[in-house]
Amino acid sequence: MSGTSGTPYAPHTDAETAAMLEAIGVDDEEALFDIPDDVAFDGEFGIEPRTEREIRAECSRIFARNDDLTEFLGRGHYGHYVPSVVDHLSDRAEFLTSYTQYQPEISQGFLQALFEYQSMLVELTGLPVANCSMYDAATALGEAATLADRVRSTAGDTVLVPEQLREGKREVLANYCDGADLAVEPYPMADGNADVDALADRVGDDVVMVYAESPTVRGCVEERLGAIGDLAADGDALFVLGSDAVSLAVLEEPASVGADVVVGEASALGLPTADGMGLGIFACSDEFLRQVPGRLVGASEDADGDRAFTLTLQTREQHIRKERATSNICTNQAWVALRAAIHAAALGPGGLVDLANDCVREAAALADRLDGLKGAVAPVHDRHHVREFAVRVDQPAAAIAADLETEGFAVHVVGEHLLQVCVTDLNAGRADDLVAAFEEVI
Amino acid sequence: MSGTSGTPYAPHTDAETAAMLEAIGVDDEEALFDIPDDVAFDGEFGIEPRTEREIRAECSRIFARNDDLTEFLGRGHYGHYVPSVVDHLSDRAEFLTSYTQYQPEISQGFLQALFEYQSMLVELTGLPVANCSMYDAATALGEAATLADRVRSTAGDTVLVPEQLREGKREVLANYCDGADLAVEPYPMADGNADVDALADRVGDDVVMVYAESPTVRGCVEERLGAIGDLAADGDALFVLGSDAVSLAVLEEPASVGADVVVGEASALGLPTADGMGLGIFACSDEFLRQVPGRLVGASEDADGDRAFTLTLQTREQHIRKERATSNICTNQAWVALRAAIHAAALGPGGLVDLANDCVREAAALADRLDGLKGAVAPVHDRHHVREFAVRVDQPAAAIAADLETEGFAVHVVGEHLLQVCVTDLNAGRADDLVAAFEEVI
Amino acid sequence: VREPLLSEKGEATVDVGADSPLPDDLTRDELTLPAPSEPEIARHYTRLSQMNWAIDAGPYPLGSCTMKYNPKFTEDVAADPNAAVHPDRSERSTQGNLELRYRLQEFLAEIGGMDAVTLQPPAGAAGELTGILVAKAYHEHRGDDRSEVVIPASAHGTNFATAATAGYDVVELPSGDDGRVDVEALEAAVGDDTAALMLTNPNTVGLFERDITEIAEIVHDAGGLLYYDGANLNALLGRGRPGDMGFDVMHYNVHKTFATPHGGGGPGAGPVGVVDELAEFLPAPQVRENEGANGYERFEPERTIGKVHGFAGNWLVLIKAYAYIARLGDAGLADAAAKAVLNANYLAERIDLDVPHGPFHHEFAATAGERDAADVAKRMLDFGVHPPTTKWPEMVPEAMLTEPTEIEGKSSLDDLAEAFDLAYADTDEALDAAPNRTAASRIDQVSAARNPRLSWRALDGE
Amino acid sequence: VREPLLSEKGEATVDVGADSPLPDDLTRDELTLPAPSEPEIARHYTRLSQMNWAIDAGPYPLGSCTMKYNPKFTEDVAADPNAAVHPDRSERSTQGNLELRYRLQEFLAEIGGMDAVTLQPPAGAAGELTGILVAKAYHEHRGDDRSEVVIPASAHGTNFATAATAGYDVVELPSGDDGRVDVEALEAAVGDDTAALMLTNPNTVGLFERDITEIAEIVHDAGGLLYYDGANLNALLGRGRPGDMGFDVMHYNVHKTFATPHGGGGPGAGPVGVVDELAEFLPAPQVRENEGANGYERFEPERTIGKVHGFAGNWLVLIKAYAYIARLGDAGLADAAAKAVLNANYLAERIDLDVPHGPFHHEFAATAGERDAADVAKRMLDFGVHPPTTKWPEMVPEAMLTEPTEIEGKSSLDDLAEAFDLAYADTDEALDAAPNRTAASRIDQVSAARNPRLSWRALDGE
């Protein structure tokens, strides 16, 4: 540990610092700063340094102020059990403390891991191109809109999105659309699915993109994706489909329903519940290869003719193309993608499909039980659900949620008399207790 | 994950298993077992397999049944704060999942780490030879006795140990002495230190070894180590000194007081409190180099003339020397030694000395405060203490300890009216609360 | 040393329809993915990791990337299971996370000299976009229609792309001869259409923009806002604050300045700080202290631009940034900057390559002169170090933009200098053939782009 | 690729007396140790780790060492802070640890067919010593003075050393022509002085001692006890239990059979199981269920030999063993044995080297014939695998004792076979020069022993 009162993460002894200053030819470090006096800072931040032990204790105390609730929460951020092997391997310093792979010859490990991640997304979506991560589902959706703007720029300025959409996702999309001068417009839904007839009436020349989700924000499997895809295709609009890495294991393959782009959350694999941290999927058809935002890893050969991997098609990117780049994204979620890939590998296709099917079964079973309670109807929508579903309650939903919180459970309030409940492998063991608590407070 | 109901840690697909059986020329795995029917097992263990998540939950529930006490416990097993870097580096799979370094050419990393551990013990003890670990202080003491038996075999059969000695340690020593036909005999103590005059009277031809500790089991610094060393030397007995890796940073250097062998706990560095798991120090003078138990790493050169490391002097060991080996030890505590070395490196000599000095200061301060309470005298012995000290109480000690436990504190009961209290960096922040609790229950 | 692809180790195909509780027409037919056992997974990723450079392997002097050591304890802090909550939980039940967020907002505001901070942007570029959208909302709220963002030619590519993403036209400002902003050129470029000037300070060759006060006046007088790209903040810690220099909005790169691990590309976090006038436009929700039973509450700034991330940003990264700042405190942060600047100056002194511009701070752009900077970099790989950023910024020919950060010691810098000099002085043949001591030899980037193979399915039959 | 010693990266000397609260005459004068910064520490140990083989790097087919994959989740289970208690805590306050200990005792008793189990011995050899001391106490309690322990020549060196440590004379039993115990020789060796026969089954070339029932009778009839060395228990799981074969006392090697990490030499754990008659001699304390308020309690066996470890053994290791056994359950344990035996037989089938003895189970001793087994092993290093144990047991000339364990798949075994064959068939020159693709080339073991340099102080001035 450094003997000075400075940073513990610089190794300089006083003698070394002195030798270095002498080599440079200055008396002290101060002399190296070229900051005019009138803008120099000579105040204090008022941040007291602590030892690592003190900070661990402090943060532990702070985090302990979060109540210990069993969460039946989803709506885009899902908790599944993450096998230990994911932590242990992704935490290897060679992965965690590495930078973007600008020198591929000494970055083959991460490049291959990202290539494999891309490949898994290709398998899950059926689309031939998947990038190696966006920030999350919402920003991926925003990027899809800017892609639609670029590739359908003559067509119009309207992006159609489902009426039932997570508000935060809509806002993020709107912020991306702001710069592209696109207008976001909701299309009607019927019983938790897209109202395809209404959508058919709406799709026209001004529409550059149609977005649908399956499962929807309320957990409903969208039953007429093919028809939506056809509508978009007929209207020369991009069909963008939102999903998540677990649901994709069993739901219709996006390629088979005509999806041009798939966005969504891959963090359902690899990341535990993390206060909203995510991993954005971005996959698309070959047609848009050179319009993809974010990083792509490709296979190539090295000078010895051996297979090797490298970041590729970088001319799409901001560090080369600047204001004509396909996106401004630079730092992405590569390490989370690594974790998702390890998790997928640990499950294998059988485990992944089982997990997804369990998400369908558990949701149906829990809905059925809540539906049996007086004063509750579940699921609200007569659809198949993945993980989550809406519950109509006679009492005000907010009051019920507050009462449930007192009982140790967290659920979503999504309307005055509407709750939403999400069940996964992590909380399924507490479903009985949740039902009992519902019965208590309802 | 394997699709079978077998071990999840074998990668065989059914097809591969079939191909392998065919290559061998048998129909099934059963055919490969050559176990006579009359001793074959066809019962069940009754162990239900669980998923890793279930086991994590199960063990978490089990361990939660331990009460959450603040421990003021020591007597040979010490908790100090272990910096995060120790976990992160020692958990690297190349260290954790490696075997003993029988092929040094692909084991240079661990060999060097162990060489460095040995070197640190050499610095701390002043003795030129340190092995790369025994199980713990008690077994190291036992090994020291067998060494004494070998090198002083004509002299006699008595091993002298302090009257105040942890009972478990005495028992372990006795078990090693059992095989060597040595008798363990306590020598008297005076106010927490060796009674050197009594010891002088006792040391004679029949004594092959004199053992002293500093700090003693009651935390007392032994003040006349040099005199004890002289007595042993004069009596041609081995002087074996017990200590621990933190205390050695400030106490008299063992070499300077004539120690022939140093044993003790190095786990005070690198290991958190671990229900008694330890790391045995074994260091000695050059004279006994070829009598050292356990593994030694030495420097050598490879065929290119570069410095390289290897296990050395293996002819001392059981796998070569069999019944004439210096010990039966095979698996040792190498990984714990690695952790101790990383911890020592993280502290540096300044941090290590500060830690040891704090152990002296905190013990004195806490003893002083307890001494101020009515019905308590501390420290019992008028000595300098490291970390811990005895407290004489008017009430029965066991009752006070039980009451303190109710208040959330654990202390040692070491006599009918004698408690022992150990304070380190980990619990010093709770010393006020302990004093208050004492005041409450005393 | 090639490690097979996971798919080459054995795939399995699962018949999906068969066991699904969903009707056939809503499921895919089958799914094919690798099906390795855990030991195979452990070996696969262990071997892959062994083919990867990292800050824990050695120096990583990528200019403008600030690759510094990531303290291990911050991982443990972030792994606290109590911190792992869902973002839709009630305020009341997540006071811990809100408190830490609030504390970090306060730290960052203080360090940047800003009045309000949002933690939501999930990376630096996302922070830029947030900042520019905030600026845009500010102008729009004032009914002030502005269409341009001015950016120095030497700026990070993200600045340009961000401005475009936000719908602005980019006005590129050529560098002055001294490598800094040419104040006259700036005056000419700035006007009624100027929404903002985006500036890095010190700039991308490590030079402090000495005329920053004048620059700020020019921009402000024209009604524009001054945006600070936080990429180089590590050079200023404790010695200068963007807020004190007239910047109105800034982002922080926590994986640069505050040592959160870069993870081979991300996740980062790009908090944005603003002066009071802009605070009402920040993304929602923000966190503040309150007087009620709960110590902390979320609130929506009055004229918020809405969200820039689906939830609340890269939480685990933010925790690590908090822990790092708390570890160093005032003195540690200032020392980090001092040592970073010391190291850059010492390394520049030690190498044979010319450094055209100075005095520089935490990074410098050496020039490879007649040599190809990219080739020199490849050769440096053979000497066991990671090379600097090459061929950028363009104002320095064959640039090798070098930022050792504060974490390298003298001997490490000496080794790095030796690698520089050996590579720089090596033969053309050696440079062409480099690297040849690495897991892969020189990789053909052109054919990778010409014939993109982006998944193992694309490699089938090869 | 050489990594400097920590001491070469910079030492510091601290004046100890100066700041110490202790009087000068009780302190050392100074202390000199390396004083690296955390980044330097991280790099040092990261680099060292990269110079080290491990099970996560590839096959580790060391015969008799059973190096199998260490499931990652067991680390997380053992890291539970609630399990980190001091061994001197009261029973009442540590029910959790006592419960887990009890459960593990029960698991092990069931798996070994034993009646009582102690978890205290910190390693296999410590378990052996414990077992033999228990046997000794048993005989002594009966007033039966016995001085010899009989051990087959092919047994592990620890058996011999253990018997000697316990004060017994060793009677070495030559192997029969078929590689197994020669029953006639055994009858001749066993008598009134025989305290115990120590046996591994399957033995160290993987052969099951078919005559085990007869062997047990011979030993028992002579008044001796039968000791089972658990090193090869992985071959028997679910198919044979030492207790059912007449063994009276045994140890378990948890890093072998139950996949706890070996940590480059340790820590292990060597629980000892005994039949009822010996239970009263086990080390104290044992753990049992009770009827009272506490579910579990410690107790002292009536005629305990006392302790064999200062506290309660290698707790963190025991937790991992529990987790592994619970993960596999009956079917998984049996399958582990089946796949271990399958793998050994398949690999033996695939290689060109002869395997003199069979039918073997989880391991086999191939012979390098005219080649030097140690040289063949060094050459195997160049082919990217870890070689088997060489030149042991001695009954097989130039033995290569090979135990792939169940964790290797077919392709991994094929690669291993190829490395065997390539090395075995290579030229004398190549074998002499091997290894040459490793971090270090062939290391001079003779000079290391002749001129021992065991610390960096010993290297000073070199």
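Values below: all heavy atoms of this structure, side chains included; hydrogens, waters and symmetry mates excluded.
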Novice: Can a donor-acceptor pair be found between the side chains of Glu58(A) and Tyr322(C) at a distance below 3.5 Å?
Specialist: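 On atom types as modelled, these side chains qualify, holding a pair under 3.5 Å.
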Novice: Is any side-chain heavy atom of Ile319(C) closer than 4.5 Å to one of Phe63(A)?
Specialist: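 Yes. Closest side-chain heavy atoms under 4.5 Å.
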Novice: Do Ser441(C) and Asp302(A) pass the side chain to side chain donor-acceptor pair (under 3.5 Å) test, and can you show the C-alpha distance, the side-chain angles, and the key distance before you say yes or no?
Specialist: CA-CA 5 Å; Ser441(C) 55; Asp302(A) 71 4; 3.3 Å; yes
Novice: With a 4.5 angstrom heavy-atom cut-off, is it the side chain or the backbone of Leu133(C) that approaches chain A, or both, or neither?
Specialist: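 Answer is side chain: those atoms of Leu133(C) sit under 4.5 Å from chain A.
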Novice: Could you check if a side-chain atom of His86(C) sits within less than 4.5 angstrom of a side-chain atom of His412(A), using non-hydrogen atoms only?
Specialist: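 A side-chain contact under 4.5 Å exists here.
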Novice: Using the ring of each side chain (for Trp, its six-membered ring), is Tyr99(A) parallel, tilted or perpendicular to His262(C), with breaks at 30° and 60°?
Specialist: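 Ring orientation of Tyr99(A) relative to His262(C): parallel.
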Novice: Between the side chains of Glu29(A) and Lys339(C), is the shortest nitrogen-to-carboxylate-oxygen separation below 4.0 Å, so that they form an ion pair?
Specialist: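 A salt bridge is present here (some side-chain N lies under 4.0 Å from a carboxylate O).
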Novice: Which pairs pass salt bridge (Lys or Arg N to Asp or Glu O under 4.0 Å) with one or both residues in residues 97-108 of chain A, sequence neighbours excluded?
Specialist: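 Residue pairs passing salt bridge (Lys or Arg N to Asp or Glu O under 4.0 Å), neighbours aside: Glu105(A)-Lys378(C).
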Novice: Using heavy-atom distances under 4.5 Å, tell me whether Arg350(C) contacts chain A through its side chain, its backbone, both, or neither.
Specialist: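 Contact with chain A involves no heavy atom of Arg350(C) at all.
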Novice: Evaluate the side-chain proximity of Leu289(A) to Pro452(C): yes if any heavy-atom separation is below 4.5 Å, no if none is.
Specialist: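 Answer yes - side chains close enough.
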Novice: Non-hydrogen atoms of chain A under 4.5 Å away: do they reach the side chain of Leu316(C), the backbone, both or neither?
Specialist: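 For Leu316(C), backbone and side chain are both near chain A.
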Novice: Check the pair Arg89(C), Glu405(A) against salt bridge (charged side-chain N to carboxylate O under 4.0 Å, His left out), reporting the backbone distance first and the verdict last.
Specialist: CA-CA 10 Å; Arg89(C) 289 254 300 247; Glu405(A) 191 172 299; over 6 Å; no
Novice: For Pro435(C), is it the side chain, the backbone, both, or neither that has a heavy atom closer than 4.5 Å to a heavy atom of chain A?
Specialist: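 For Pro435(C), side-chain heavy atoms alone lie under 4.5 Å from chain A.
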Novice: Side chains of Glu406(C) and Thr7(A): is there a donor and an acceptor less than 3.5 Å apart?
Specialist: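 No, no side-chain donor-acceptor pair sits under 3.5 Å.
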Novice: Is Leu31(C) close to chain A through its backbone or its side chain, or both, or neither, when contacts mean heavy atoms under 4.5 Å?
Specialist: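 Answer is both: backbone and side chain atoms of Leu31(C) are under 4.5 Å from chain A.
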Novice: Using a 4.5 angstrom heavy-atom cutoff, name the option from Ala336(C), Ser455(C), Ala164(C), Gly329(C) with the most pairs to chain A.
Specialist: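 Maximum pair count with chain A is reached by Ser455(C).
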Novice: For Thr146(A), is it the side chain, the backbone, both or neither that has a heavy atom under 4.5 Å from a heavy atom of chain C?
Specialist: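 Neither; nothing under 4.5 Å.
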Novice: Once rounded to the nearest 0.5 Å, what's the spacing between atom CD1 of Ile24(A) and atom CG of Asn343(C)?
Specialist: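 Between atom CD1 of Ile24(A) and atom CG of Asn343(C) there are 8.5 Å.
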Novice: Between Pro272(A), Gly298(A), Ala402(A), Gly109(A), who has the most heavy-atom pairs with chain C when the cutoff is under 4.5 Å?
Specialist: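 Between Pro272(A), Gly298(A), Ala402(A), Gly109(A), the count favours Gly109(A).
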Novice: Mind ranking Gly168(A), Ala303(A), Ala308(A) by heavy-atom pairs under 4.5 Å with chain C and telling me who comes out on top?
Specialist: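 Among Gly168(A), Ala303(A), Ala308(A), the one with the most close pairs to chain C is Ala303(A).
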Novice: Heavy-atom distance under 4.5 Å to chain A: side chain of Ala458(C), backbone, both or neither?
Specialist: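 Neither part, no heavy atoms under 4.5 Å.
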Novice: Specify which of Asn328(A), Ile342(A), Asp68(A) makes the most heavy-atom pairs with chain C at under 4.5 Å.
Specialist: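 Among the listed options, the one with the most contacts to chain C is Asn328(A).
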Novice: At a 4.5 Å cut-off on heavy atoms, which part of Thr213(C) comes close to chain A: side chain, backbone, both, or neither?
Specialist: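 Contact with chain A: side chain only.
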Novice: So, using ring pair (Phe, Tyr, Trp, His ring centres under 6.0 Å) as the criterion, who are the partners of Phe311(C) when residues are at least two apart?
Specialist: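 Testing Phe311(C) for ring pair (Phe, Tyr, Trp, His ring centres under 6.0 Å), a comparison that skips the adjacent residues, returns His77(A).
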Novice: Please tell me if the side chains of Gln108(A) and Thr438(C) come closer than 4.5 Å, counting only heavy atoms from C-beta onward.
Specialist: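 Side-chain contact under 4.5 Å: no.
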Novice: Going by distance alone, is a donor N or O of one side chain under 3.5 Å from an acceptor N or O of the other, for Asn97(C) and Asn66(A)?
Specialist: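 Yes, side-chain donor-acceptor contact under 3.5 Å.
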Novice: Given a strict heavy-atom distance threshold of 4.5 Å, which part of Asp444(C) is in contact with chain A: side chain, backbone, both, or neither?
Specialist: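 Backbone plus side chain of Asp444(C), per the 4.5 Å heavy-atom cut-off to chain A.
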Novice: Quick one: of Ala57(C), Ala166(C), Gly270(C), who has the most non-hydrogen atom pairs under 4.5 Å with chain A?
Specialist: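 Highest number of heavy-atom pairs under 4.5 Å: Ala166(C).
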Novice: Among Pro71(C), Ala433(C), Ala163(C), which residue forms the greatest number of heavy-atom pairs with chain A at distances under 4.5 Å?
Specialist: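 It is Pro71(C).
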Novice: At a heavy-atom separation under 4.5 Å, does Ala323(C) approach chain A through its side chain, its backbone, both, or neither?
Specialist: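 For Ala323(C), the contact with chain A is made by backbone and side chain together.
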Novice: Charged N to carboxylate O below 4.0 Å: is that the case for Lys307(C) and Glu171(A)?
Specialist: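 No.
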Novice: Looking at Leu114(A), Thr51(A), Ile62(A), Val360(A), which one has more heavy-atom pairs under 4.5 Å with chain C than the rest?
Specialist: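 Option with the greatest count: Ile62(A).
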Novice: For the interface with chain C, which of Leu21(A), Asn175(A), Thr310(A), Thr312(A) has the highest count of heavy-atom pairs at distances below 4.5 Å?
Specialist: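 Counting heavy-atom pairs under 4.5 Å, the top option is Asn175(A).
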Novice: Side chains of Tyr45(C) and Ser90(A): closer than 4.5 Å at any heavy-atom pair?
Specialist: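 Not touching, per the 4.5 Å side-chain cut-off.
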Novice: Tell me, for Leu459(C) versus chain A, whether the close heavy atoms (under 4.5 Å) come from the side chain, the backbone, both or neither.
Specialist: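 It is the side chain, since no backbone atom gets that close.
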Novice: Roughly how far, to the nearest 0.5 Å, is CG of Leu32(A) from NE2 of His361(C)?
Specialist: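 Going from NE2 on His361(C) over to CG on Leu32(A), the span is 8.0 Å.
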Novice: With respect to chain C, which residue among Glu16(A), Glu48(A), Arg361(A), His319(A) yields the maximal number of heavy-atom pairs within a distance under 4.5 Å?
Specialist: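 Looking at each option in turn, the highest pair count goes to Arg361(A).
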Novice: Given heavy-atom pairs under 4.5 angstrom as the criterion, report whether the side chain, backbone, both or neither of Ile325(C) touches chain A.
Specialist: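 Backbone plus side chain of Ile325(C), per the 4.5 Å heavy-atom cut-off to chain A.
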Novice: What part of Ala325(A) lies closer than 4.5 angstrom to a heavy atom of chain C: side chain, backbone, both or neither?
Specialist: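 For Ala325(A), the side chain is the part near chain C, not the backbone.
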Novice: Identify which part of Val308(C) has an atom lying under 4.5 Å from any heavy atom of chain A, answering side chain, backbone, both or neither.
Specialist: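 Contact with chain A: backbone and side chain both.
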Novice: With a 4.5 Å limit on heavy-atom distance, are the side chains of Ser60(A) and Asp80(C) in contact?
Specialist: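 The answer is yes; the side chains approach within 4.5 Å.
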Novice: Tell me if a side-chain donor or acceptor on Gln101(A) pairs with a main-chain N or O of Gly264(C) at a distance below 3.5 Å.
Specialist: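 A pair under 3.5 Å: yes.
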